[in-house]
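Scroll down for the structure; my scribbles are underneath it.
FYI, side chains are in, hydrogens and waters are out, and symmetry mates aren't considered; it's all heavy atoms of this structure. Proteins get letters first, then strands, A, B, ... in listed order; numbering begins at 1 in each.
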2 protein chains.
Amino acid sequence: MFSKATEYALRATIYIARKSSEEHKLGIEEIAKAINSPKSFTAKILQKLTANNGIISSVRGPGGGFYLSSKAQKRPVRDILHVMEEDGVLGKCVLGLKKCSEAMPCPMHAEYKGIKQQLIQLFEHTTIQQLAHDADRIIPSNKQGRH
Amino acid sequence: MFSKATEYALRATIYIARKSSEEHKLGIEEIAKAINSPKSFTAKILQKLTANNGIISSVRGPGGGFYLSSKAQKRPVRDILHVMEEDGVLGKCVLGLKKCSEAMPCPMHAEYKGIKQQLIQLFEHTTIQQLAHDADRIIPSNKQGRH
DNA sequence: ATAATTAAGGACAAAAATATCCTTTATTTT
DNA sequence: AAAATAAAGGATATTTTTGTCCTTAATTAT
(Lines give C-alpha, C1' and ligand atoms only; values in the text may rest on other atoms or scores of the structure.)
Protein backbone atom coordinates (compact mmCIF):
# COMPACT_ATOMS: atom_id res chain seq x y z
CA MET A 1 0.00 0.00 0.00
CA PHE A 2 2.65 2.52 1.03
CA SER A 3 6.34 2.85 0.17
CA LYS A 4 8.95 1.62 2.63
CA ALA A 5 9.81 5.21 3.42
CA THR A 6 6.22 5.88 4.48
CA GLU A 7 6.00 2.65 6.45
CA TYR A 8 9.15 3.66 8.35
CA ALA A 9 7.70 7.15 8.85
CA LEU A 10 4.53 5.74 10.38
CA ARG A 11 6.33 3.20 12.55
CA ALA A 12 8.90 5.73 13.74
CA THR A 13 6.36 8.41 14.55
CA ILE A 14 4.16 6.03 16.49
CA TYR A 15 7.20 4.67 18.35
CA ILE A 16 8.35 8.17 19.23
CA ALA A 17 4.84 9.04 20.36
CA ARG A 18 4.81 6.06 22.68
CA LYS A 19 8.25 6.31 24.19
CA SER A 20 9.28 9.96 24.16
CA SER A 21 8.42 13.25 25.78
CA GLU A 22 10.05 16.67 25.80
CA GLU A 23 11.94 15.50 28.91
CA HIS A 24 12.93 12.15 27.43
CA LYS A 25 14.04 12.31 23.83
CA LEU A 26 15.00 9.35 21.68
CA GLY A 27 18.10 8.84 19.54
CA ILE A 28 18.02 7.65 15.95
CA GLU A 29 19.90 4.50 16.94
CA GLU A 30 17.20 3.40 19.35
CA ILE A 31 14.36 4.31 17.02
CA ALA A 32 15.74 2.47 14.00
CA LYS A 33 16.49 -0.59 16.10
CA ALA A 34 13.03 -0.59 17.67
CA ILE A 35 11.11 -0.28 14.41
CA ASN A 36 13.52 -2.52 12.49
CA SER A 37 14.55 -0.07 9.79
CA PRO A 38 17.88 1.02 8.25
CA LYS A 39 19.34 3.73 10.48
CA SER A 40 20.59 6.29 7.96
CA PHE A 41 17.56 5.97 5.76
CA THR A 42 15.32 6.44 8.76
CA ALA A 43 17.35 9.50 9.75
CA LYS A 44 16.50 11.09 6.41
CA ILE A 45 12.85 10.34 6.92
CA LEU A 46 12.85 11.86 10.40
CA GLN A 47 14.55 14.92 8.94
CA LYS A 48 11.63 15.26 6.60
CA LEU A 49 9.11 14.87 9.39
CA THR A 50 11.04 17.38 11.50
CA ALA A 51 11.51 20.05 8.81
CA ASN A 52 9.89 23.48 9.29
CA ASN A 53 8.03 22.83 12.52
CA GLY A 54 6.72 19.53 11.26
CA ILE A 55 5.26 16.57 13.08
CA ILE A 56 8.36 15.51 14.97
CA SER A 57 10.49 17.79 17.15
CA SER A 58 14.24 17.36 17.48
CA VAL A 59 17.13 18.77 19.46
CA ARG A 60 20.83 18.28 18.69
CA GLY A 61 23.69 17.66 21.07
CA PRO A 62 24.00 15.60 24.25
CA GLY A 63 20.65 14.71 25.74
CA GLY A 64 19.09 15.60 22.43
CA GLY A 65 17.02 13.44 20.13
CA PHE A 66 13.50 13.19 18.77
CA TYR A 67 10.19 13.65 20.56
CA LEU A 68 6.58 14.51 19.86
CA SER A 69 4.95 17.59 21.32
CA SER A 70 1.52 17.02 22.83
CA LYS A 71 0.14 19.21 20.07
CA ALA A 72 1.74 16.99 17.42
CA GLN A 73 0.34 13.90 19.14
CA LYS A 74 -3.16 15.11 18.36
CA ARG A 75 -2.54 15.43 14.64
CA PRO A 76 -4.20 12.92 12.29
CA VAL A 77 -2.08 10.11 10.89
CA ARG A 78 -2.80 11.48 7.45
CA ASP A 79 -0.40 14.35 8.17
CA ILE A 80 2.44 11.82 8.15
CA LEU A 81 1.34 10.62 4.74
CA HIS A 82 1.15 14.21 3.57
CA VAL A 83 4.74 14.96 4.57
CA MET A 84 5.81 11.76 2.82
CA GLU A 85 3.85 12.91 -0.23
CA GLU A 86 1.81 9.74 -0.23
CA ASP A 87 -1.57 10.96 0.92
CA GLY A 88 -2.51 10.72 -2.75
CA VAL A 89 -2.76 6.94 -2.60
CA LEU A 90 -5.80 7.14 -0.34
CA GLY A 91 -8.01 8.91 -2.84
CA LYS A 92 -6.40 7.46 -5.95
CA CYS A 93 -8.20 5.30 -8.50
CA VAL A 94 -7.35 1.59 -7.96
CA LEU A 95 -6.63 1.21 -11.65
CA GLY A 96 -4.46 4.32 -11.66
CA LEU A 97 -6.68 6.38 -13.96
CA LYS A 98 -6.16 10.11 -13.65
CA LYS A 99 -9.68 11.00 -14.66
CA CYS A 100 -11.62 8.41 -12.67
CA SER A 101 -14.58 10.04 -10.96
CA GLU A 102 -18.25 9.62 -10.25
CA ALA A 103 -18.97 11.05 -13.69
CA MET A 104 -16.26 9.01 -15.46
CA PRO A 105 -15.92 5.89 -13.33
CA CYS A 106 -13.31 3.22 -13.99
CA PRO A 107 -14.49 -0.41 -14.12
CA MET A 108 -13.75 -0.88 -10.41
CA HIS A 109 -14.99 2.47 -9.21
CA ALA A 110 -18.33 1.37 -7.80
CA GLU A 111 -16.81 -1.65 -6.10
CA TYR A 112 -13.85 0.19 -4.59
CA LYS A 113 -15.57 3.44 -3.64
CA GLY A 114 -16.63 2.37 -0.16
CA ILE A 115 -13.23 1.01 0.76
CA LYS A 116 -11.56 4.21 -0.43
CA GLN A 117 -13.84 6.28 1.78
CA GLN A 118 -13.05 4.12 4.78
CA LEU A 119 -9.34 4.46 4.13
CA ILE A 120 -9.58 8.24 3.98
CA GLN A 121 -11.72 8.28 7.13
CA LEU A 122 -9.28 6.04 8.95
CA PHE A 123 -6.24 8.19 8.27
CA GLU A 124 -8.10 11.46 8.66
CA HIS A 125 -9.86 10.71 11.92
CA THR A 126 -7.22 8.65 13.68
CA THR A 127 -4.64 10.64 15.59
CA ILE A 128 -1.07 9.61 16.29
CA GLN A 129 -1.94 9.60 19.98
CA GLN A 130 -4.80 7.15 19.46
CA LEU A 131 -2.53 4.67 17.73
CA ALA A 132 0.13 5.08 20.43
CA HIS A 133 -2.46 4.43 23.14
CA ASP A 134 -3.93 1.45 21.29
CA ALA A 135 -0.47 -0.07 21.01
CA ASP A 136 0.16 0.59 24.70
CA ARG A 137 -2.94 -1.36 25.67
CA ILE A 138 -1.41 -4.44 24.06
CA ILE A 139 2.26 -4.01 24.92
CA PRO A 140 2.57 -1.30 27.57
CA SER A 141 5.31 1.23 26.97
CA ASN A 142 7.25 2.36 30.04
CA LYS A 143 6.97 6.00 29.10
CA GLN A 144 5.84 7.08 32.58
CA GLY A 145 6.48 3.70 34.15
CA ARG A 146 3.96 1.11 35.18
CA HIS A 147 2.42 1.39 38.67
CA MET B 1 -1.93 0.87 -3.88
CA PHE B 2 -0.55 -1.19 -6.76
CA SER B 3 2.51 -0.77 -9.00
CA LYS B 4 2.09 0.71 -12.47
CA ALA B 5 2.70 -2.73 -13.93
CA THR B 6 -0.25 -4.13 -11.99
CA GLU B 7 -2.46 -1.17 -12.85
CA TYR B 8 -1.71 -1.76 -16.53
CA ALA B 9 -2.37 -5.48 -16.07
CA LEU B 10 -5.78 -4.80 -14.56
CA ARG B 11 -6.73 -2.17 -17.12
CA ALA B 12 -5.53 -4.28 -20.05
CA THR B 13 -7.27 -7.44 -18.89
CA ILE B 14 -10.56 -5.66 -18.32
CA TYR B 15 -10.26 -3.94 -21.69
CA ILE B 16 -9.58 -7.23 -23.44
CA ALA B 17 -12.49 -8.81 -21.59
CA ARG B 18 -14.80 -6.08 -22.84
CA LYS B 19 -13.70 -5.84 -26.44
CA SER B 20 -12.36 -9.21 -27.50
CA SER B 21 -13.52 -12.73 -28.20
CA GLU B 22 -11.89 -15.79 -29.73
CA GLU B 23 -13.23 -14.55 -33.08
CA HIS B 24 -12.11 -10.98 -32.58
CA LYS B 25 -8.66 -10.62 -31.07
CA LEU B 26 -6.97 -7.39 -30.13
CA GLY B 27 -3.48 -6.16 -30.99
CA ILE B 28 -1.05 -4.69 -28.50
CA GLU B 29 -1.18 -1.34 -30.29
CA GLU B 30 -4.90 -0.96 -29.77
CA ILE B 31 -4.79 -2.18 -26.18
CA ALA B 32 -1.97 0.13 -25.09
CA LYS B 33 -3.63 3.08 -26.76
CA ALA B 34 -6.99 2.33 -25.19
CA ILE B 35 -5.72 1.95 -21.65
CA ASN B 36 -3.15 4.74 -22.01
CA SER B 37 -0.03 2.75 -21.23
CA PRO B 38 3.42 2.41 -22.81
CA LYS B 39 3.17 -0.16 -25.58
CA SER B 40 6.32 -2.24 -25.09
CA PHE B 41 6.01 -2.29 -21.34
CA THR B 42 2.40 -3.40 -21.66
CA ALA B 43 3.49 -6.11 -24.10
CA LYS B 44 5.77 -7.54 -21.40
CA ILE B 45 2.93 -7.52 -18.93
CA LEU B 46 0.59 -9.28 -21.33
CA GLN B 47 3.33 -11.86 -21.91
CA LYS B 48 3.29 -12.53 -18.20
CA LEU B 49 -0.49 -12.83 -18.11
CA THR B 50 -0.38 -15.11 -21.15
CA ALA B 51 2.41 -17.42 -19.98
CA ASN B 52 1.66 -21.12 -19.36
CA ASN B 53 -2.08 -21.09 -20.01
CA GLY B 54 -2.56 -17.98 -17.94
CA ILE B 55 -5.39 -15.50 -17.78
CA ILE B 56 -5.05 -14.05 -21.25
CA SER B 57 -4.91 -16.09 -24.46
CA SER B 58 -2.86 -15.04 -27.47
CA VAL B 59 -2.24 -16.06 -31.05
CA ARG B 60 0.62 -14.87 -33.26
CA GLY B 61 0.53 -13.92 -36.92
CA PRO B 62 -2.04 -12.14 -39.06
CA GLY B 63 -5.46 -11.99 -37.47
CA GLY B 64 -3.80 -12.85 -34.19
CA GLY B 65 -3.80 -10.91 -30.95
CA PHE B 66 -5.05 -11.19 -27.41
CA TYR B 67 -8.41 -12.36 -26.14
CA LEU B 68 -10.03 -13.79 -23.04
CA SER B 69 -11.60 -17.23 -23.03
CA SER B 70 -15.01 -17.42 -21.40
CA LYS B 71 -13.42 -19.58 -18.73
CA ALA B 72 -10.82 -16.90 -18.00
CA GLN B 73 -13.55 -14.28 -17.82
CA LYS B 74 -14.98 -16.04 -14.79
CA ARG B 75 -11.72 -15.92 -12.84
CA PRO B 76 -11.47 -13.58 -9.86
CA VAL B 77 -9.58 -10.31 -10.31
CA ARG B 78 -7.21 -11.51 -7.62
CA ASP B 79 -5.71 -13.93 -10.14
CA ILE B 80 -4.36 -10.95 -12.05
CA LEU B 81 -2.69 -9.67 -8.89
CA HIS B 82 -1.29 -13.13 -8.28
CA VAL B 83 0.37 -13.30 -11.69
CA MET B 84 1.80 -9.83 -11.08
CA GLU B 85 3.05 -11.04 -7.71
CA GLU B 86 1.18 -8.30 -5.91
CA ASP B 87 -1.61 -10.21 -4.23
CA GLY B 88 0.50 -9.85 -1.10
CA VAL B 89 -0.44 -6.20 -0.70
CA LEU B 90 -4.03 -7.14 0.09
CA GLY B 91 -3.22 -9.06 3.23
CA LYS B 92 -0.12 -7.10 4.17
CA CYS B 93 0.28 -5.09 7.37
CA VAL B 94 -0.26 -1.36 6.68
CA LEU B 95 2.90 -0.54 8.59
CA GLY B 96 4.84 -3.19 6.72
CA LEU B 97 5.54 -5.42 9.70
CA LYS B 98 6.31 -9.01 8.78
CA LYS B 99 5.00 -10.43 12.02
CA CYS B 100 1.82 -8.43 12.39
CA SER B 101 -1.05 -10.69 13.37
CA GLU B 102 -3.98 -11.02 15.70
CA ALA B 103 -1.59 -12.27 18.38
CA MET B 104 1.09 -9.62 17.65
CA PRO B 105 -0.88 -6.69 16.28
CA CYS B 106 0.79 -3.52 14.98
CA PRO B 107 -0.53 -0.19 16.24
CA MET B 108 -2.92 0.11 13.29
CA HIS B 109 -4.00 -3.51 13.17
CA ALA B 110 -7.38 -3.16 14.85
CA GLU B 111 -8.26 -0.06 12.85
CA TYR B 112 -7.18 -1.45 9.47
CA LYS B 113 -8.39 -5.02 9.86
CA GLY B 114 -11.88 -4.46 8.48
CA ILE B 115 -10.66 -2.59 5.43
CA LYS B 116 -8.14 -5.32 4.70
CA GLN B 117 -10.87 -7.95 4.80
CA GLN B 118 -13.02 -5.94 2.43
CA LEU B 119 -10.11 -5.55 0.04
CA ILE B 120 -9.48 -9.28 0.00
CA GLN B 121 -13.18 -9.98 -0.45
CA LEU B 122 -13.44 -7.48 -3.29
CA PHE B 123 -10.61 -8.97 -5.30
CA GLU B 124 -11.47 -12.55 -4.44
CA HIS B 125 -15.18 -12.41 -5.18
CA THR B 126 -15.21 -10.06 -8.14
CA THR B 127 -14.65 -11.71 -11.50
CA ILE B 128 -13.08 -10.11 -14.55
CA GLN B 129 -16.42 -10.56 -16.31
CA GLN B 130 -18.28 -8.64 -13.62
CA LEU B 131 -16.00 -5.64 -14.00
CA ALA B 132 -16.27 -5.79 -17.78
CA HIS B 133 -20.06 -5.86 -17.56
CA ASP B 134 -20.15 -3.05 -14.99
CA ALA B 135 -18.04 -0.91 -17.27
CA ASP B 136 -20.28 -1.76 -20.21
CA ARG B 137 -23.33 -0.51 -18.37
CA ILE B 138 -21.71 2.94 -18.19
CA ILE B 139 -19.92 3.12 -21.54
CA PRO B 140 -21.21 0.31 -23.76
CA SER B 141 -18.55 -1.63 -25.62
CA ASN B 142 -19.37 -2.58 -29.19
CA LYS B 143 -18.22 -6.14 -28.68
CA GLN B 144 -21.32 -7.67 -30.27
CA GLY B 145 -22.56 -4.35 -31.60
CA ARG B 146 -25.38 -2.22 -30.32
CA HIS B 147 -28.91 -2.88 -31.61
C1' DA C 1 37.71 27.05 25.20
C1' DT C 2 37.69 22.10 24.19
C1' DA C 3 35.77 17.84 23.72
C1' DA C 4 31.87 15.01 23.27
C1' DT C 5 27.33 14.07 21.57
C1' DT C 6 23.59 14.11 18.45
C1' DA C 7 20.82 15.62 14.50
C1' DA C 8 21.21 17.92 9.69
C1' DG C 9 22.63 17.61 5.24
C1' DG C 10 25.29 16.44 1.03
C1' DA C 11 27.22 13.06 -1.99
C1' DC C 12 27.12 8.76 -3.56
C1' DA C 13 25.85 3.59 -4.27
C1' DA C 14 22.78 -0.22 -4.99
C1' DA C 15 18.57 -2.16 -6.19
C1' DA C 16 14.08 -2.16 -8.14
C1' DA C 17 10.60 -0.38 -11.21
C1' DT C 18 9.56 1.47 -15.49
C1' DA C 19 10.34 1.82 -20.25
C1' DT C 20 12.38 1.17 -25.08
C1' DC C 21 14.36 -1.24 -28.94
C1' DC C 22 15.60 -4.94 -31.68
C1' DT C 23 15.60 -9.83 -33.00
C1' DT C 24 13.22 -14.22 -33.16
C1' DT C 25 9.33 -17.27 -33.66
C1' DA C 26 4.73 -18.61 -35.02
C1' DT C 27 1.05 -18.05 -38.19
C1' DT C 28 -1.41 -16.59 -42.14
C1' DT C 29 -1.87 -14.79 -46.77
C1' DT C 30 -0.20 -14.40 -51.37
C1' DA D 1 7.99 -20.97 -50.95
C1' DA D 2 7.99 -16.04 -49.88
C1' DA D 3 6.18 -12.13 -47.76
C1' DA D 4 3.59 -10.07 -44.28
C1' DT D 5 1.78 -9.82 -39.67
C1' DA D 6 1.70 -10.11 -34.81
C1' DA D 7 3.25 -11.87 -30.37
C1' DA D 8 7.54 -13.71 -27.66
C1' DG D 9 11.74 -12.78 -25.84
C1' DG D 10 16.40 -10.72 -25.00
C1' DA D 11 19.22 -6.81 -24.16
C1' DT D 12 19.64 -2.41 -22.58
C1' DA D 13 18.42 2.31 -20.88
C1' DT D 14 16.18 5.45 -17.66
C1' DT D 15 14.09 6.75 -13.50
C1' DT D 16 12.76 6.10 -8.86
C1' DT D 17 13.33 4.08 -4.51
C1' DT D 18 16.08 2.49 -1.04
C1' DG D 19 20.15 2.62 1.40
C1' DT D 20 25.06 4.11 3.09
C1' DC D 21 28.77 7.13 4.43
C1' DC D 22 30.96 11.16 5.60
C1' DT D 23 31.08 16.02 6.86
C1' DT D 24 28.81 19.97 9.09
C1' DA D 25 26.24 22.33 12.56
C1' DA D 26 24.20 22.77 17.06
C1' DT D 27 24.20 21.87 21.87
C1' DT D 28 25.89 20.30 26.20
C1' DA D 29 29.35 18.89 29.55
C1' DT D 30 34.13 19.23 31.09
Sugar-phosphate only, base, or nothing, as touched by B/I45 at under 4.0 Å among non-hydrogen atoms: nothing
Rounded distance (Å) that lies between atom C1' of D/dC21 and atom CD of A/E29: 14 Å
Rounded distance in Å - CD1 (B/I56) to P (D/dA6): 18 Å
Derivation and outcome, side chain to side chain contact (heavy atoms under 4.5 Å, CB included), residues A/M104 and A/H109: CA-CA 9 Å; A/M104 283 274 292; A/H109 190 83; over 6 Å; no
Whole angstrom value for the distance that separates P of D/dA25 from CD of A/Q47: 14 Å
Short side-chain N/O contact from A/Y8 to OP1 or OP2 of D/dG19, under 4.0 Å: yes
Sequence neighbours left out, cut at 3.5 Å: what donor-acceptor pairs do the side chains of residues 79-88 of chain A make with other protein atoms?
{"residue": "A/D79", "atom": "OD2", "partner": "A/R75", "partner atom": "NE", "Å": "2.9"}
{"residue": "A/D79", "atom": "OD2", "partner": "A/R75", "partner atom": "NH2", "Å": "3.3"}
{"residue": "A/H82", "atom": "ND1", "partner": "A/D87", "partner atom": "OD2", "Å": "2.7"}
{"residue": "A/E86", "atom": "OE1", "partner": "A/S3", "partner atom": "N", "Å": "3.4"}
{"residue": "A/E86", "atom": "OE2", "partner": "A/S3", "partner atom": "N", "Å": "3.2"}
{"residue": "A/E86", "atom": "OE2", "partner": "A/S3", "partner atom": "OG", "Å": "2.2"}
{"residue": "A/E86", "atom": "OE2", "partner": "A/T6", "partner atom": "OG1", "Å": "2.7"}

Close residues, residues 58-66 of chain A, relative to DNA chain C [heavy-atom separation under 4.0 Å]: A/S58, A/V59, A/R60, A/G61, A/P62, A/G65, A/F66
Sorted by number, the residues of residues 34-44 of chain B with heavy-atom contact under 4.0 Å to DNA chain C: B/P38, B/S40, B/F41, B/K44
Under 3.5 Å side-chain donor-acceptor pair for A/E23 and A/Y67: no
Atom-pair distance (CD on B/E30; C1' on D/dA6), nearest Å: 14 Å
Salt-bridge criterion met for B/E30 and B/K25 (N-O under 4.0 Å): no
Pairwise salt bridge (charged side-chain N to carboxylate O under 4.0 Å, His left out) hits with a residue in residues 102-114 of chain A, at least two apart: A/E102-A/K113
Minimum heavy-atom distance between B/R11 and A/L95, given as atom pair plus value: NH1-O, 2.6 Å
Segment of DNA chain C, first to last nucleotide, that comes within the 4.0 Å heavy-atom reach of chain B: C/dT18 to C/dT28
Rounded distance in Å - NZ (B/K25) to C1' (D/dT5): 13 Å
B/T50-B/S58 side chain donor-acceptor pair, cut-off 3.5 Å: no
Test of ring centre spacing under 6.0 Å for B/Y112 and A/F2: no
Sugar-phosphate, base or nothing in reach of B/I31, heavy atoms under 4.0 Å: nothing
Minimum-distance pair of heavy atoms, taken over all atoms of B/I35 and B/Y8: CD1-O, 3.7 Å
A/K116: partners by side-chain hydrogen bond (donor to acceptor under 3.5 Å, both in side chains), with sequence neighbours left out: none
Sugar-phosphate only, base, or nothing, as touched by A/I28 at under 4.0 Å among non-hydrogen atoms: sugar-phosphate
Whole-Å gap separating C1' (D/dT16) and CD (A/E85): 13 Å
Value in whole Å for how far the P atom of D/dT16 lies from CE of A/M84: 17 Å
Backbone N/O of B/I120 and side chain of B/R78: donor-acceptor pair under 3.5 Å: no
